[in-house]
Amino acid sequence: MTDLPSGTDKKLGLLIDLDICVGCHGCVTSCKEWNSTDDNLPLSDFDSYGEAPDGIFLNRVHGYETDDGISSQTVHFPRSCLHCEQPECVTVCPTGASYKRQEDGIVLVNPETCIGCKLCSWACPYGAREYDHKQGIMKKCTLCVDRIYNEELEEEDRKPACVLACPTSARLFGDFSDPQSDVSILSEKRGGVALMDNLGYKPVNRYLPPRKKHITSEQNSKNNANLQRFSDLKPSNGNSKLENFFSWLDQKLS
Amino acid sequence: MSPAYSIIFFTVFSGAGYGLLAIVGLTTLTSLLPDSTLLNLIMLILSLLLISVGLLFSTTHLGHPERAWRAMSQWKTSWLSREGLLALITYVPALLLCVIWTAMVIQSFSPQSINELENYVALIGGVCGLCAISTVFCTGQIYASLKTIPAWNYFLTTPIFFLLSIVSGLLLWIFFNSVFSYKVNNFVVLFSVFMLEAAFLLKCVYWNFVDQVKFSVTKAEAIGLEKNTIVQNLEPAHQTQNYLMREMGYNVARKHALKLRWFASWAAFIIPGICLLVGVTHSSYMPINSFIASLCLIAGLIAERWLFFAEAKHVITLYY
């Protein structure tokens, strides 16, 4: 049923440290590998060796640059399902194929009953759901539900594949409902962020923001001097005021 | 949002069908019901055809159309499920009405039992009209309830869907009445023109809103940074377009959008309005005028619906 549980016993989720993620895409490939094999339906690929290869991934890593000038930083941002407490992807589902588990809060899709209407992907603000048009159903992160409870695996392996693969330990897995869990403690200490909180989906996953660069006044003045030198070198465009006006007009009109 | 033709045709055709069904159903409660049962029956069948064709179009949007019946189950939370359920329920009174009117047309009842049946016609017709109206309301709510798409999450989205459906129904109703040489009450025509231009006004307000609407979150907040941090794309998450970019990242050039708005304004709202007003003063032109009005309206609405999708920006575009 797409009725949400009034509360979940646990709030399993990921804590992702943006300060130490190096954007290696290791989590992306290990996720794809685990979730395409064994009992899972494959995450389909299309035109793998052609002009425009495309495929389904449950986890993607974006690279951004923040600020400009001397305080500029590179931020690698892994994006996957945040297993929200108010997942509208679940409540909009007309078939009940999408559901949130009462026992651990994981949001899942039943591949046997999904009709592939794509409405859940419209309702998700994080782009966590991708449509597999080979199988005609929606795919999303399962928090490796088939690993974390899998007694055939060694205990230390009962974690999501992305967490195990991360070479910098930028990804932690745990229960956010337990204030004593590693993820809760670290999130509290470093000011873990719930993405786009004001939209009201109450994501469980948290992101640790990158630490600010420490810039000394000496570095700062050096940088300002350099900037000044570059701006002095900038050639003037030599256009008359009228020409500037027409080029402005051209830009506005085109 | 990507303008999927299956959904555009579904909302336009089924919208017109439900509008006509609502008018046919609700007129059974009033003195506006045409005397000819045959005419009522023809309009009823046409509305069911439009609805059914639209619903068939909509199933082509699904990955597993054969599982579509499952979509009736989650009416407690899902507007899509409510729409599907009501669409199905609407067939019950509509088909009942179909059977009764067919029986009356081929006169398989005694005159006495026909009198008795007429009481039921009003009841079933009323229920049918309400079901049709509610279905369109649910269609609007599917879009209006999505917080991820601010252009749709707006108080006018559902009223516009609703009005456009009713107006499509009214125009088709006027056309059939005038073709069957029934003089359409001038009040009905003027009321239709009023509704049509009211819809136009709301659409203009909506377009103005879409031009200004912004996300309530910033790119920085989307990746967990402080609200006003400058964020620029550096390395893409993937080299080619993926499902998210195709489905949610559709971008229409402003120039093309303006041309289409212009077309939709004339075709859907201005020309049909003029046609109907001319029909009021020269009633002999009414059949051809209402025919042109209906065709123009449908063409205009297809453009309007295309824009409804193409101009709506999804919040995940912040990541790209």
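Numbers restart at 1 for each chain; the letters A, B, ... are given by sequence-line order, proteins then strands.
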* Structure fact -> When rounded to the nearest 0.5 Å, the distance separating NE2 of His64(B) from CD of Glu112(A) is 9.0 Å
* **Under 4.5 Å from any heavy atom of chain B - which part of Tyr207(A)** => neither
* Asked: Do NZ/NE/NH1/NH2 and the carboxylate oxygens of Glu247(B) and Lys118(A) come within less than 4.0 Å?
  -> no
* To do: Sort His314(B) into side chain, backbone, both or neither according to what part of it lies under 4.5 angstrom from a heavy atom of chain A.
  => side chain
* Over 12 non-hydrogen atoms of neighbours within 6.0 angstrom of CH2 in Trp266(B) -> no
* Taking Glu88(A), His25(A), Glu51(A) one by one, which has the highest count of heavy-atom pairs under 4.5 Å against chain B? -> Glu88(A)
* Structure fact -> Closest non-hydrogen contact found for Ile7(B) with Trp122(A) is CD1-CH2, 3.8 Å
* Thr77(B) side-chain N/O to Thr91(A) backbone N/O, donor-acceptor pair under 3.5 Å -> yes
* Heavy atoms, side chains only, cut-off 4.5 Å: are His76(A) and Leu234(B) in contact? -> no
* Any donor-acceptor N/O pair, Asp54(A) side chain to Tyr243(B) backbone, under 3.5 Å -> no
* To do: Report yes if the side chains of Tyr64(A) and Glu235(B) come closer than 4.5 Å at any heavy-atom pair, otherwise no.
  => no
* Most contacts with chain A, counted as non-hydrogen pairs under 4.5 angstrom, among Ser58(B), Ser81(B), Ala71(B), Gly224(B) -> Ala71(B)
* Asked: CD/Glu221(B) to CE/Met196(A) distance, rounded to the nearest 0.5 angstrom?
  -> 9.0 Å
* Of the backbone (N, CA, C, O) and the side chain (C-beta and beyond), which part of Ser145(B) lies under 4.5 Å from a heavy atom of chain A, both, or neither? -> backbone
* Do the ring planes of Tyr319(B) and His62(A) sit parallel (below 30°), tilted (30 to 60°) or perpendicular (above 60°)? -> tilted
* Asked: Where is the tightest heavy-atom contact between Pro94(A) and Ser73(B), given as atom of each residue plus distance?
  -> O-OG, 3.6 Å
* To do: Calculate, to the nearest 0.5 Å, the distance between atoms NE2 and SG belonging to His61(B) and Cys117(A) respectively.
  => 6.5 Å
* To do: Could you tell me which portion of Lys139(A) (side chain, backbone, both or neither) has an atom closer than 4.5 angstrom to a non-hydrogen atom of chain B?
  => neither
* Asked: Within a radius of less than 6.0 Å around NZ of Lys313(B), do more than 12 heavy atoms belonging to other residues, nucleotides or ligands occur?
  -> no
* Considering only heavy atoms, which portion of Ala68(B) lies under 4.5 Å from any heavy atom of chain A: side chain, backbone, both, or neither? -> backbone
* Structure fact -> Per-residue tally against chain A (heavy atom, under 4.5 Å) across Asn233(B), Thr218(B), Ile142(B), Thr59(B) peaks at Asn233(B)
* Structural part of Glu130(A) lying under 4.5 Å from a heavy atom of chain B -> both
* Within a reach of under 6.0 Å around CD of Gln212(B), are more than 12 heavy atoms found that belong to other residues, nucleotides or ligands? -> yes
* Beyond-backbone contact of Leu199(A) with Lys147(B), side-chain heavy atoms, under 4.5 angstrom -> no
* Heavy-atom pair of closest approach, residues Gly127(A) and Leu244(B) -> O-CD1, 3.4 Å
* Structure fact -> Heaviest contributor of heavy-atom pairs below 4.5 Å to chain A, chosen from Lys219(B), His238(B), Glu83(B), Arg82(B), is His238(B)
* Region of Lys227(B) that comes under 4.5 Å of a non-hydrogen atom in chain A -> neither
* Asked: For chain B, which of Asp197(A), Thr95(A), Val28(A), Val193(A) has the most heavy-atom pairs under 4.5 Å?
  -> Thr95(A)
* Structure fact -> When the 4.5 angstrom heavy-atom criterion is applied to Glu66(B) and chain A, the contacting part is neither
* Going by heavy atoms in the side chains, are Glu226(B) and Lys212(A) under 4.5 Å from each other? -> yes
* Measuring from Leu119(A):CG to Leu62(B):CG, what's the distance to the nearest 0.5 Å? -> 11.0 Å
* Under 4.5 Å, counting heavy-atom pairs only, tell me which of Pro53(A), Pro209(A), Gly23(A) racks up the most with chain B. => Pro53(A)
* Flag if over 12 foreign heavy atoms under 6.0 Å of CD, Glu188(A) -> no
* Relative to chain B, which segment of Gln73(A) carries a heavy atom at a distance below 4.5 Å: side chain, backbone, both, or neither? -> neither
* Under 4.5 Å from a heavy atom of chain B, the part of Asn198(A) involved -> side chain
* If you look at every heavy atom in Thr148(B) and Tyr201(A), which pair is closest and at what distance? -> CG2-OH, 3.6 Å
* Counting heavy-atom pairs under 4.5 Å to chain A, which of Ile149(B), Leu85(B), Thr229(B) comes out on top? -> Thr229(B)
* To do: Mind listing the closest non-hydrogen atom pair of Ala52(A) and Thr240(B) along with its distance?
  => CA-CG2, 3.8 Å
* Below 4.5 Å, heavy atoms only, C-beta onward: do Leu195(A) and Ile223(B) meet side chain to side chain? -> no
* **Exam field: side chain Arg67(B) to backbone Cys114(A), donor-acceptor pair closer than 3.5 Å** => yes
* Asked: Is it the case that more than 12 heavy atoms not belonging to Lys202(A) sit under 6.0 Å from its NZ atom?
  -> no
* Structure fact -> When the 4.5 angstrom heavy-atom criterion is applied to Phe215(B) and chain A, the contacting part is neither
* Structure fact -> In terms of heavy-atom pairs under 4.5 Å with chain B, the winner among Ile16(A), Ile115(A), Ile56(A), Val61(A) is Ile115(A)
* Do you know the tightest heavy-atom contact between Cys93(A) and Ser78(B)? -> O-CB, 3.5 Å
* Asked: For atom CG of Asp211(B), is the number of surrounding heavy atoms from other residues, nucleotides or ligands below 6.0 Å larger than 12?
  -> yes
* Is it the backbone or the side chain of Arg206(A) that comes under 4.5 Å from a heavy atom of chain B, or both, or neither? -> neither
